[in-house]
Participant: 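Pasting in a structure now, in structure tokens, and then I'll have a few things to ask.
From a predicted model like this one, the values you see are computed outputs, not experimental measurements.
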Amino acid sequence: ELEDGLDEAFSRLAESRNNP
Amino acid sequence: GSVGMPTGAYIPPKTVWLPAMKAKGLEISGTFARRAGVIQMELTITNKAMSVMSDFAIQFNRNSFGLAPAGPLQILTPLGPNQTIEASLPLSTVGPVMKMEPLNNLQVAVKNNIDVFYFSCQYPISMLFVEDGKMDRQVFLATWKDIPNEHESQFQIKDCHLNSDAASNKLQGSNIFTIAKRTVEGQDMLYQSIKLTNGIWVLAELRVQAGNPTYTDLEVSLKCRAPEVSQCVFQSLEAVLKN
């Protein structure tokens, strides 16, 4: 569950960096 | 190295550090390497004088990362005129520290039976990237968020014909570790970590056009609590990717 959370967090980071 | 295979740490070509005309015939060229976790100064020493050289010794001035010879310079036989010898000097990082400008500058004194000579050289900061520099993913996310924007530096690498997997493999050979990869709107974003011998962590974001090795520009963002190292780290990262 923690792994899923981290995977999601990296996706959110990448998205936010692409569309600040 | 071929795509997909780890390629080993980048070692710059040797350059002349001390020309013979400035050192009574003693010429020294060299480079730095990290081999299996050991930092080494690799020297080519040539005697261009007309007499034999002996009694070699080496000393470093204090420097940004505490680099110091881990033992004596081992040149066991005298060096005759026109003779060349290769020497490897293992280095430690527990010597005295003083911030240099540029950060990776090293001042060296070399002695032989004739005189003492001085030169400066610059080492690739990548030789200070340690093997256990892969940051825990959760720690990475927290650290990335925690480091303020003023401590982020952005760079561009031009003419780099690598896709993200090839770049990731190449960087791993020099202890630059990929922690996560995401593709957003046709761009691969690699999140990477680096740990220096003095415990400083550098976090990197690399943007590569997804699946297109002919695309030639890479965007690099570096975040670090000691942002003065970012420029040096970028130079090494670029050298690793382009060699």
Participant: Of all residues at least two apart in sequence or in a different chain, which pass the side chain to side chain contact (heavy atoms under 4.5 Å, CB included) check with Glu152(B)?
Facilitator: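 Testing Glu152(B) for side chain to side chain contact (heavy atoms under 4.5 Å, CB included), a comparison that skips the adjacent residues, returns Arg17(A), Asn149(B), Gln154(B), Ser221(B), Lys223(B).
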Participant: Just to verify, what does Arg12(A) make a salt bridge (Lys or Arg N to Asp or Glu O under 4.0 Å) with, not counting sequence neighbours?
Facilitator: Glu8(A)
Participant: Write out all pairs satisfying ring pair (Phe, Tyr, Trp, His ring centres under 6.0 Å) with one or both partners inside residues 224-243 of chain B, taking only residues at least two apart or from two chains.
Facilitator: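 Checked against ring pair (Phe, Tyr, Trp, His ring centres under 6.0 Å) - neighbours excluded - the pairs reaching residues 224-243 of chain B are Phe155(B)-Phe234(B).
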Participant: Are more than 12 heavy atoms from other residues, nucleotides or ligands located less than 6.0 Å from atom CD of Gln59(B)?
Facilitator: no
Participant: By number, which residues in residues 179-191 of chain B have some heavy atom less than 4.5 Å away from chain A?
Facilitator: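 Within residues 179-191 of chain B, the residues that come under 4.5 Å of chain A (heavy atoms only) are Ile179(B), Ala180(B), Arg182(B), Val184(B), Glu185(B), Gln187(B), Met189(B), Tyr191(B).
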Participant: Within a reach of under 6.0 Å around NZ of Lys242(B), are more than 12 heavy atoms found that belong to other residues, nucleotides or ligands?
Facilitator: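 For Lys242(B), atom NZ is crowded (more than 12 foreign heavy atoms under 6.0 Å).
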Participant: Should Lys145(B) and Leu13(A) count as side-chain neighbours, where that means a heavy-atom distance under 4.5 Å?
Facilitator: no
